[in-house]
Structures are given as structure tokens and as C-alpha cells.
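Everything on this sheet refers to the single structure shown next.
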Amino acid sequence: MIVSIILSVLLGLLFVGAAVIIVFDNGDHGTKLAWLLTITFLPVIGILLYLMFGINYRHHIFFRRRHDEAIRVFTEENDDAIVRLLKGDMPFESVDERFRPLARLLSNAEAGNNLSAGNSFEIITSGLRKQELLLKDIAEARESIHLEYFHFGNDRGGREVMEALGKKASEGVEVRFLNENIADFPIPTSYYNRMKKMGIEVERFTNSKQGILTIPMKLNYRNHRKIVVIDGKIAYTGGMNINNHYFFQWRDTHMRIEGNAVAALQTIFLDSWLTSGGKLKNPLPYYYKEYTEVPDGVFRDKLIQIVADESDSRWPLLQMGYEWVLQNAREYVYMQTPYFVPPVSFLNALKSAALRGIDVRLMLPAKVDTMFMGAANKAFYKECMDAGVKIYERGGEFIHSKTLVCDDYLSQIGSANIDIRSFNLNHEVNAYIYDSRTAIANKEIFFKDMEISELLEPEKWAAERKWYQSLFSRIMRLLSGIL
């Protein structure tokens, strides 16, 4: 009897607490009402589901406190060079006047979203090319190698990189790998233990060091970034993970960067590493290198803005960036994404751009790697095509690129898909490049992909859809927040 009363009281307190959190959350009102109804009619299951899938990190100080250790290190160990790299005067005046407001918008956030000049880079559209460059740069590393990856496969491609990293660790190079463990649960712990035996420092992105009681609340949040920083001088970022799919089978887009933008990616890694319980062997300045001369590269002396976004940041900057581009484009916006499950505001911006005469093109894979995401993508096709958005389905190998090019000036290459998960739940990073030559090159890459793509005809596409396909897509659209 007493036990029942105690359990009832505890359940009542949980219900009231969850209801208060939901009511005072700043999120979508429809979603809030849905969660309130769920926990009212299914109290135990509803509260558990809300803790795992419903909590909005952006508006809860409790979760932002996870960064306290990183903030402490950066506050205590900063020097003038790091301050110049991360918080110095950003060259906004060098950005085309039309796009200057975008650069300022994206800079209004935590450290890491700085705009820097004097960068050189290569755009990588072949997995074999990334593998070649990465293994060469790893072999030449002298001080440190930092990796933050959504997926580091237990396959030929992953093991080749792991062996290269282990060799450098045996030579005394500091090698650190941050593992997105929730999404990689099929990979056995022994794989990461082998890394540790080779001298590689490995930390889990979600682990008990952050507070075991909060783990259920973090199960729906992923570190979807793809970052490598070598000696603080060379960095990689974009859409490619490390495994056979990305090296040998899929079509994706990535970047190899040299220049002061590398410091931003180093900062993103170090914040994630320290937040996940990792340690550093040397003072913070050891991991930063300031370029005094512009390095050589395929694209040389360019403006790059590295933009980090995560569920516990204050603003959804990547979503805001996309929407700003759609609202301010004058001629065209071309986008590639494997997964298309956009928030309502993005969807409205996309349709509005097309309705006012902008050439809006969206390229997706003809066959997605999961049945669920293919159905979810198609749930949005009709309304986009009705507004004049041109949708291309690319044949051939699965395309995993997350890119944007606008008006022969702005390019974007990153890890974020155009979906609710990337915009609101995942830890992501995108690179914005303000440069005409780069934009024209990215447009040519888009056109080349168009050669093996089908432009969907709205009426024909709708006529060929079966009723059960439409129903399945609608169901997947309802579940978009947890796909």
C-alpha cells in the first residue's frame, strides 16, 4: 500500500515536472500540445518518450552546462594568437555586400563560427581521392591528429585509416578520436579497444562521464560531424565518413582546407572532446597554428566561414542560413541532400523562392540507403513541385552530398542534411565559401550530376504514385523528428 502511494506520488511529480518543462519550452506549439496529450494518456511511456525524443536542448541551460570544462580551458589557456584566430576582426568588408548580412548572421554564436581570409582548399568529390589525401597527411603528421566522425567503419576503409593512425601514435604523435557511439552501436567495443591498444585516445560522444542519469535524454541526439585536424594546419570536413561506402561506393562532397579556417575546426573538435570527458596533454596554444602566408591549393586565398551547430546551441544557425539564402537569392539556388525532411519554415522559404521566380533546384538520390528515408523524402515532393521547385533524382551510385550554391558567389559544403534531425538534433558543421570561382566550380559539379539525374514531372510523378506509397510517406513524415 505504502509502496503504491510512493510510486503514485513519484509518477505525479514526474508528470507535473514534464508538463511544466513542455509548457515553458519555446518550441513549436503543435509539438508541445502533442507531447502534453501523450504524457496525459500514457504517463509512464509518454514521459520516457519525451525524455528520449522530445526535450529541446536549445532552451535548457541544464544541457548547455555540459560545455563548462571546455569553457574553462578556453578561458584560462587562451593566448593572443588564438584570440586573433577565433575572435579577431572578421573580414566582413571582403564579402560581397549582398551576402554580408549572412556572414554576420552566422557569426552571431559561440566560438567556431568565425570568418577568415587567406584559406586554400580542394573540393573532393571522390572517396578514393579523400582516402589518398588523408592517408598521406596522416603519414606526414608530426604533432597531433584529431578526428570527430559520425561513422568510422569496421571494414577495409576504416581499418586502413586506423592502422595509419596507430602507426603515428607509436611514433609519439597525439592521436584522438571522438566516437559517435549511439549511431555506431553495431560496431563492437573491441574495435575501439584495439584503437586504444595502438595508442589512440578514444572518447565516446555520449557517455556516463557526462552524468549517467542524462543518457536517456541524449539517445536521440547524434554527433553527425566529419572533422579531421592534423597538426593544427590541415583540416578535412564535409559529408564523407570513414568506411567503404564513402571511399569506394558512394558519391559525396568533402573539403581539404589549409589556412586560418583550420582553427575553427580545431576549436569545434576540442570543445566536443573536452565536453565528452577527453583530456589534453599540452596547453591549448600547442594545438593552434596561425598562417602568416597564404598556402597553395586548388582554390587559393578564399574567404571561409566554418559554422558549427548543435542541439544545445542557442540558435539553429544552419537552418537560418539556408532560409536566408532562399529568401535573398536573385537568380538561383541549387542544393544536394540525401535526406529531405525540412521544417515548416524551411519548406515555406523554399516554395517562396520558387514562386517569386528563382531557379530552385533540389537534387536527391533516386534510391536512398534506407526505405524509411526514401518514403519520407517523397512526402514533400508534390508541394515543392507545385510551387515550381525543380526536383532531380540522381541515378547511379547513392549521392550523399550536402551542398548549396547560389548566384555564382556563395557555396556551402558540410555534414548537415536538409532535415529536422540535422537542423535541430544533431551536432553538425558546414563550411560557407564566399567566392565566385568556387561557386561556379560547384555549379559545374551540380550540372555534371544532372547528366545522370531525372527531372521529375509533377503530373506524371503524381499519377504514377500508388495510394499505399503516399500513405507510407505521410506516416514517415509524421515520424520525421526521430528518423
**Request:** May I have the step-by-step check of ring-ring contact (aromatic ring centres under 6.0 Å, His included) for Y322 and F423, ending in yes or no?
**Result:** CA-CA 10 Å; Y322 265 106; F423 287 159; 5.7 Å; yes
**Request:** Test N114 against L85 for side chain to side chain contact (heavy atoms under 4.5 Å, CB included), laying out the working first.
**Result:** CA-CA 8 Å; N114 60 312; L85 283 168; 5.7 Å; no
**Asked** Run the salt bridge (Lys or Arg N to Asp or Glu O under 4.0 Å) check on R98 and D407 step by step: do they pass?
**Response** CA-CA 11 Å; R98 279 186 54 213; D407 290 355; 2.8 Å; yes
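A salt bridge between E428 and K402 is absent, with no side-chain N of the basic residue lying under 4.0 Å from a carboxylate O of the acidic one. Ionic pairing of E97 and R100 is not present here: no N-O contact between side-chain nitrogen and carboxylate oxygen is shorter than 4.0 angstrom. Using a 4.0 Å cut-off between a side-chain N of Lys or Arg and a carboxylate O of Asp or Glu, D386 and K351 do not qualify as a salt bridge.
A donor-acceptor pair is defined here as one N or O able to donate and one able to accept, closer than 3.5 Å; such a pair exists between the side chain of S401 and the backbone of T253. Judged by distance alone, the side chain of N424 and the main-chain N or O of P316 form no donor-acceptor pair under 3.5 Å. At distances below 3.5 Å, at least one donor-acceptor pair connects side-chain atoms of R159 with backbone N or O atoms of N154. Counting only distance, with no hydrogens or angles, the side chain of N241 and the backbone of H151 share a donor-acceptor pair below 3.5 Å. Not one N or O on the side chain of Y339 forms a donor-acceptor pair closer than 3.5 Å with the backbone of D419. Listed for the T275 side chain is a donor-acceptor partner under 3.5 Å among the backbone atoms of D271. At least one donor-acceptor pair under 3.5 Å links the side chain of Y236 to the backbone N or O of L133. Put simply, the side chain of S422 gets close to the backbone of N417: a donor and an acceptor are under 3.5 Å apart. Looking at R256, its side chain never comes within 3.5 Å of a backbone N or O of L134 through a donor-acceptor pair.
Residues L326 and M335 have side chains in contact (heavy-atom distance under 4.5 Å, counting atoms from C-beta outward). Contact of the P342 side chain with the L350 side chain is not registered, since no non-hydrogen atoms from C-beta on lie closer than 4.5 Å. The closest side-chain heavy-atom distance from F152 to I187 is not below 4.5 Å. Taking 4.5 Å as the limit, some side-chain heavy atom of V229 sits within range of a side-chain heavy atom of V262. Contact annotation: the side chain of S415 never approaches that of T237 to less than 4.5 Å [non-hydrogen atoms, C-beta and beyond]. Residues I230 and I138 meet the side-chain proximity criterion, which asks for heavy atoms closer than 4.5 Å. Contact annotation: the side chain of L303 approaches that of P91 to within less than 4.5 Å [non-hydrogen atoms, C-beta and beyond]. Between I123 and T438 there is a side-chain heavy-atom pair separated by less than 4.5 Å.
Applying the 6.0 Å contact sphere to NZ of K382 captures no more than 12 heavy atoms from other residues, nucleotides or ligands. E93 CD: more than 12 foreign heavy atoms inside a 6.0 Å radius. Applying the 6.0 Å contact sphere to NZ of K233 captures no more than 12 heavy atoms from other residues, nucleotides or ligands.
For the 3.5 Å distance criterion, the side chains of Q266 and Y288 fail to qualify, holding no donor opposite an acceptor. Of the N and O atoms on the side chains of E203 and S276, not one donor lies less than 3.5 Å from an acceptor on the other residue. No side-chain donor-acceptor contact under 3.5 Å links K302 and N119. Between the side chains of S144 and R176, not a single donor N or O lies within less than 3.5 Å of an accepting N or O. Between the side chains of N223 and H427, no donor N or O sits under 3.5 Å from an acceptor N or O. In this structure, a donor-acceptor pair under 3.5 Å is absent between the side chains of S120 and E258. Q319 and E323 form a side-chain donor-acceptor contact under 3.5 Å, judged by distance and modelled atom types alone.
R156 forms a cation-pi arrangement with F248, by the criterion of a distance under 6.0 Å to the ring centre and an angle within 45° of the ring axis. For the pair R104 and F92, the cation-pi test (distance below 6.0 Å, angle within 45°) is passed. R361 forms no cation-pi arrangement with Y332, by the criterion of a distance under 6.0 Å to the ring centre and an angle within 45° of the ring axis.
Classified by interplanar angle (parallel below 30°, tilted 30° to 60°, perpendicular above 60°), the ring pair F447/Y334 is tilted. Using bins of under 30°, 30° to 60° and over 60° for the plane-to-plane angle, the ring pair Y381/W461 lands in the tilted bin. Relative orientation of the H146 and F269 rings is parallel, given thresholds of 30° and 60° on the angle between their planes.
In this structure, V294 and G118 approach most closely via the heavy-atom pair CG1-O, 3.8 Å. In terms of heavy-atom proximity, Q305 sits nearest to S107 at NE2-N, 3.5 Å. Of all non-hydrogen atoms in L105 and W324, the two that sit nearest each other are CD2-CB, 4.3 Å. A pairwise comparison of heavy atoms in D408 and K443 identifies OD1-NZ, 3.0 Å as the closest pair. Pairing each heavy atom of G157 with each of I242, the nearest pair is O-CG2, 4.1 Å. When every heavy atom of L115 is checked against every heavy atom of A103, the shortest pair comes out as CD2-CB, 4.5 Å.
Checked against the 6.0 Å centroid threshold, H254 and Y246 do not count as a close aromatic pair. Aromatic ring centres of Y432 and F99: separated by at least 6.0 Å.
The only member of E180, R421, E310 that meets side-chain contact (heavy atoms from CB on, under 4.5 Å) when paired with N426 is R421.
Here I413 contributes atom CD1 and I433 contributes atom CD1; the two are 4.5 Å apart, rounded to the nearest 0.5 Å.
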